[in-house]
Amino acid sequence: MDLLALEAKNIKAPEPEKKTAPRPKPKPPKKAKRIVYFEVEIVDLKTKEKLLLLDKVEPTATILEIKALFHKSYPKWYPARQSLRLDPKAKCLRDEDILQTLPVGTTASFYFSDLGPQVTRGTVFLTECVGPLIIYLMFYFRLPFIYAPKYDFSSSKHWVVHLACMCHSFHYIKRILETLFVHRISHGTMPLRNILKNCGYYWCSAAWMAYYINHPLYTTPCKQHLRAMSFFILYFSFISGSKAKKIPYPTKNPFTWMFWLVSCPNYTYELGSWIGFTVMTQCVPVAFFTLVAFIQMTVWAKGKHRSYLKEFRDYPSLRSSILPFIL
């Protein structure tokens with residue numbers, strides 16, 4: 001056989017070249033969004049002196065974060081002690097307010113004022129309640145230097161005096177427990193001077209009431225007036241407050257049914273309790289304390305009622321602030 005023919009048999013035909021798919025062109029990298037930084041100027045409210053200029057503040061920064069930056073330059077003014085506002089006559093800005101949502105340009109000016117030393121609201125509320133509890137018991141047990149020496153550590157023969165002490169003590173013990181475990185405290189701190197003012201009012205009022213109710217010459221009111229004690233005891237069963245920010249509605253607890261009529265039934269029940277305590281003891285200092293408490297609670301209740309109406313569009317229109325259909 002011809003050698004060329006043999007070689008031709010052994011030679012394989014070349015395989016066709018595989019066509020490769022064209023590679024996709026890489027996408028161009030996205031351009032990073034340009035962040036517009038703010039320039040924040042902090043001015044003293046009284047002297048109009050420029051205290052600090054913060055450069056390159058992120059637009060998402062909160063007022064609390066700005067306060068923290070200010071605190072680094074002025075350590076004595078910690079965030080809770082600072083008040084920042086956009087205008088000298090405007091309201092203080094909230095800590096959760098965001099810089100880019102405020103009506104300012106890229107250069108923002110804030111007016112600073114010192115709120116003074118601060119204490120937590122929980123501390124103030126507890127001090128307000130612990131003081132009257134202890135002070136009233138001092139008069140009840142007739143400690144020395146309160147009444148005549150012959151009455152030291154003596155006990156009243158009137159059971160109304162003992163009942164009044166029980167009601168007063170339970171009232172403030174309940175308030176202490178509510179402060180610790182029930183009520184939602186909206187603001188973290190308050191000025192230190194408030195603790196002196198508030199405690200002065202509650203402590204002096206407790207001493208004034210306790211002095212006359214526990215006095216050795218105290219006379220017992222008519223028995224029919226003792227029925228009013230039910231109003232005071234009724235208040236002990238009502239527990240109000242919520243840690244969730246929502247519209248409060250009545251529950252299976254019958255003492256919450258007052259929510260159908262008022263926004264702040266805790267104030268309504270407390271007012272009823274002090275009216276009952278006034279009638280039960282027939283004591284002028286208690287009546288005066290009840291009147292002042294009613295005025296103050298009305299102010300608080302109206303403020304809370306307005307905030308509910310502003311925050312919730314579907315808030316029940318039938319509700320009053322503290323007194324059904326009246327106030």
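Worth saying up front: this structure is predicted, and the values here are computed from it rather than measured. The first residue in the sequence is number 1, and the count goes up from there.
When side chains are defined from C-beta on, Glu128 does not count as touching Tyr172, because their heavy atoms never get closer than 4.5 Å. Counting heavy atoms from C-beta outward, Glu39 and Thr106 have side chains that stay 4.5 Å or more apart. Contact of the Leu53 side chain with the Glu41 side chain is registered, since non-hydrogen atoms from C-beta on lie closer than 4.5 Å. Residues Leu102 and Phe110 form a side-chain contact, since some pair of their non-hydrogen atoms from C-beta on lies under 4.5 Å apart. You'll find the side chain of Ile42 stays beyond 4.5 Å of the side chain of Tyr74, heavy atoms only. Using a 4.5 Å heavy-atom threshold, the side chains of Phe125 and Glu178 count as separate. The closest side-chain heavy-atom distance from Tyr201 to Val292 is below 4.5 Å. Using a 4.5 Å heavy-atom cutoff, the side chains of His171 and Trp274 are in contact.
In this structure, Met280 and Ala164 approach most closely via the heavy-atom pair CE-CA, 4.1 Å. Shortest non-hydrogen contact noted between Leu327 and Phe294 is CD2-CZ, 4.0 Å. The two residues Ile322 and Ala301 come nearest to each other via the heavy atoms CB-CB, 3.9 Å. Here the shortest heavy-atom pairing between Ser205 and Phe289 reads CB-CD1, 3.4 Å. Summarising the geometry of Ala80 relative to Leu115, their closest heavy-atom pair is O-CD1, 3.8 Å, with the distance given to 0.1 Å. Among all heavy-atom pairs drawn from Ala108 and Leu99, the shortest one is CB-CD1, 4.4 Å.
With rounding to the nearest 0.5 angstrom, the CG atom of Leu54 is 9.0 Å from the CZ atom of Phe70. Atoms NZ and CG, from Lys72 and Leu69 in turn, are 5.5 Å apart once rounded to the nearest 0.5 Å. His168 contributes atom NE2, which lies 13.5 Å from atom OH of Tyr140 (distance to the nearest 0.5 angstrom). Rounded to the nearest 0.5 angstrom, Glu58 CD and Ile98 CD1 are separated by 12.0 Å. Taking OH of Tyr218 as the start and NZ of Lys157 as the end, the distance is 13.0 Å to the nearest 0.5 Å. Considering CD1 of Ile295 and OG1 of Thr290, their distance stands at 11.0 Å, rounded to 0.5 Å.
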Intermediate values then yes/no, side-chain contact (heavy atoms from CB on, under 4.5 Å), Arg81 and His71: CA-CA 10 Å; Arg81 188 169 176 166; His71 174 54; over 6 Å; no
Derivation of the side-chain contact (heavy atoms from CB on, under 4.5 Å) call for Met209 and Phe139: CA-CA 10 Å; Met209 288 187 290; Phe139 284 88; over 6 Å; no
Working for side-chain contact (heavy atoms from CB on, under 4.5 Å), residues Asn214 and Tyr147: CA-CA 10 Å; Asn214 298 286; Tyr147 303 110; 3.8 Å; yes
Asp95 vs Thr62, side-chain contact (heavy atoms from CB on, under 4.5 Å): CA-CA, chis, key distance, verdict: CA-CA 7 Å; Asp95 286 345; Thr62 63; over 6 Å; no
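With hydrophobic clusters built from ILVMFWY side chains whose heavy atoms lie under 4.5 angstrom apart, Val284 does not share a cluster with Ile213. In terms of hydrophobic clustering, with Ile, Leu, Val, Met, Phe, Trp and Tyr side chains grouped at heavy-atom distances under 4.5 Å, Trp77 and Tyr111 are assigned to different clusters. Phe277 is connected to Ile135 through a chain of hydrophobic side-chain contacts under 4.5 Å among Ile, Leu, Val, Met, Phe, Trp and Tyr, so both are in one cluster. If you chain together hydrophobic residues whose side chains sit under 4.5 Å apart, Met138 and Tyr151 fall into the same group. In this structure, Leu137 is a member of the same hydrophobic cluster as Phe153, with clusters built from ILVMFWY side-chain heavy atoms closer than 4.5 Å.
Checked by atom type and distance alone, the side chain of His215 pairs as donor or acceptor with a backbone atom of Leu217 at under 3.5 Å. Tyr78 places a side-chain N or O within donor-acceptor distance of the main-chain N or O of Gln118, the cut-off being under 3.5 Å. Looking only at distances, no side-chain donor or acceptor of Arg94 sits under 3.5 Å from a matching main-chain atom of Ile63. Counting only distance, with no hydrogens or angles, the side chain of Glu311 and the backbone of Leu309 share no donor-acceptor pair below 3.5 Å. No side-chain donor-acceptor contact under 3.5 Å links Lys304 to the backbone of Cys264.
Phe288 has its ring centre less than 6.0 Å from the ring centre of Trp208.
In Lys150, the NZ atom is not crowded: 12 or fewer heavy atoms of neighbouring residues, nucleotides or ligands sit closer than 6.0 Å.
Ring geometry for Phe312 versus Tyr308: interplanar angle of 30 to 60°, hence tilted.
Ser263 and Arg319 form no side-chain donor-acceptor contact under 3.5 Å, judged by distance and modelled atom types alone.
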